[in-house]
Amino acid sequence: MGAPADRPWPGTEAEAVAEQERIRRAADLASPGPAPGEVDRIAGVDVAYDPGSDLTVAAAVVLDAATLEVVEEAVHTGRSRFPYVPGLLAFRELPGVLAALEKLSAPPGLVVCDGYGYAHPRRAGLAVHLGVLTGLPCFGVAKSPFAFSHTEPGPRRGDSSPLLDGRRDPPEVVGRALRTRSGVKPVFVSAGHGIGLEHACAHTLRLTPRHRLPETTRGADGLSRRVLAEIARDRREPRGAARG
DNA sequence: GCGACAG
DNA sequence: ATCTTGTCGC
């Protein structure tokens, strides 16, 4: 898994920060984007990491937007080349994700990321970055509030509260804490490239008929983990004549 | 300077 | 992200 052919991949944190400034300037942060019903295929992407090595498996799972059934899957195995640094997650995850997306027979109409988009120190989180690199509408659904603040949303599914960046003088709304299941901890939704917060939240609710997390991220998470476990097993119990 | 901080 | 068992509930 390499870097995207047309953009330099940073080797240092300073370069990564500079690249994020460029990504933000290139991003479409204003379009309302596709509403539910206006896209046929929605993809979820995620990456699994091997604790004992630098092996990674990225997965892209495409769902039928109406039935939420899996219609296509793709994976890409590679090696992590960038450490996890809060605020720079995209540089660790995107190379593999891009490679997996390219293996799909056709690009999806929308991509859901496991992490943030606009809700980011430089407004260039994973979903914004992936959107700029692919040109696809893309938003983020994260499991924890990162460095942002929020008040507890109402207790029922669909209730929400603003996610705020308190590091700004007038605290800015960067996303939404959204309850996808009654009585269960909310998820944190933020806009990305080519889709606004309103539609991102609407899609998130459509994608969570029965679980806290969207079916897209559940699918991608499960697939990347299964493939990684498979590779790890084959290493311990080699099959066939292949070796080394 | 230190801590917190998506995955 | 990953290491980790059983348990409670829909």
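Convention: sequence-line order gives letters A, B, ...; per-chain numbering from 1. Values reported hereafter were calculated over all heavy atoms of this structure, with side chains retained and with hydrogens, waters and symmetry mates removed.
- Nucleotide B:dG7 holds its P atom 9 Å from the CD atom of A:Glu93, rounded to whole Å.
- If you take CG of A:Leu228 and P of B:dG7, they are 18 Å apart, rounded to a whole angstrom.
- Aromatic ring pairs are classed by plane angle as parallel below 30°, tilted from 30° to 60° and perpendicular above 60°; the pair A:Phe146 and A:Tyr116 is parallel.
- Checked for salt-bridge contact, A:Glu19 and A:Arg122 miss the test: no charged N lies under 4.0 Å from a carboxylate O.
- Atoms CG (A:Asp50) and P (C:dT2) sit 9 Å apart, rounded to a whole Å.
- Among the atoms of the strands shown, only primed sugar atoms or phosphate atoms (P, OP1, OP2) are found under 4.0 Å from some heavy atom of A:Asp46.
- Here A:Tyr49 lies in heavy-atom contact (under 4.0 Å) with sugar-phosphate atoms only.
- Phosphate contact (OP1/OP2 of B:dA6, side-chain N/O of A:Lys143, threshold under 4.0 Å): absent.
- Checked against a 6.0 Å centroid threshold, the rings of A:Phe188 and A:His150 count as neighbours.
- Between A:Asp221 atom CG and B:dA6 atom C1' the separation is 14 Å, expressed in whole Å.
- In this structure, A:Asp165 atom CG and B:dC5 atom C1' are separated by 12 Å, rounded to whole Å.
- Put simply, CG on A:Leu88 is 19 Å from P on B:dA4, counting in whole angstrom units.
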Got a list of protein N/O to nucleotides 4-10 of chain C N/O distances below 3.5 Å?
none

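- The side-chain heavy atoms of A:Val111 and A:Phe139, taken from C-beta on, include no pair separated by under 4.5 Å.
- Here A:Phe188 does not pack flat against the base of B:dA6, since the 5.5 angstrom centre distance and 30 degree tilt limits are not both met.
- Looking only at side-chain heavy atoms (C-beta outward), A:Leu136 and A:Pro107 come within less than 4.5 Å of each other.
- In this model, the phosphate group of C:dA1 is approached by a side-chain N or O of A:Arg225 to a distance below 4.0 Å at OP1 or OP2.
- At the phosphate of B:dG7, OP1 or OP2 sits under 4.0 Å from a side-chain N or O atom of A:Ser144.
- No engagement by A:Leu94 is indicated, since no non-hydrogen atom pair under 4.0 Å with the nucleic acid exists.
- Side-chain contact between A:Cys113 and A:Val141 is absent, with no heavy atoms from C-beta onward closer than 4.5 Å.
- Looking at heavy-atom distances under 4.0 Å, A:Gly87 makes contact with a base.
- C:dT2 atom C1' lies 18 Å from atom CZ of A:Arg226, rounded to whole Å.
- Under a 4.0 Å N-O distance rule, the pair A:Lys143/A:Asp114 qualifies as a salt bridge.
- For the pair A:Arg167 CZ and B:dA4 C1', the interatomic distance rounds to 11 Å; values are reported in whole Å.
- Stem regions for DNA chain C, meaning three or more consecutive Watson-Crick or G-U pairs with both distances under 3.5 Å, do not exist: the list is none.
- Of the residues in residues 116-128 of chain A, those lying under 4.0 Å from DNA chain B by heavy-atom distance are A:Tyr116, A:His120, A:Gly125, A:Leu126.
- A salt bridge links A:Arg79 and A:Asp54; the closest N-O separation between the charged side-chain nitrogens and carboxylate oxygens is under 4.0 Å.
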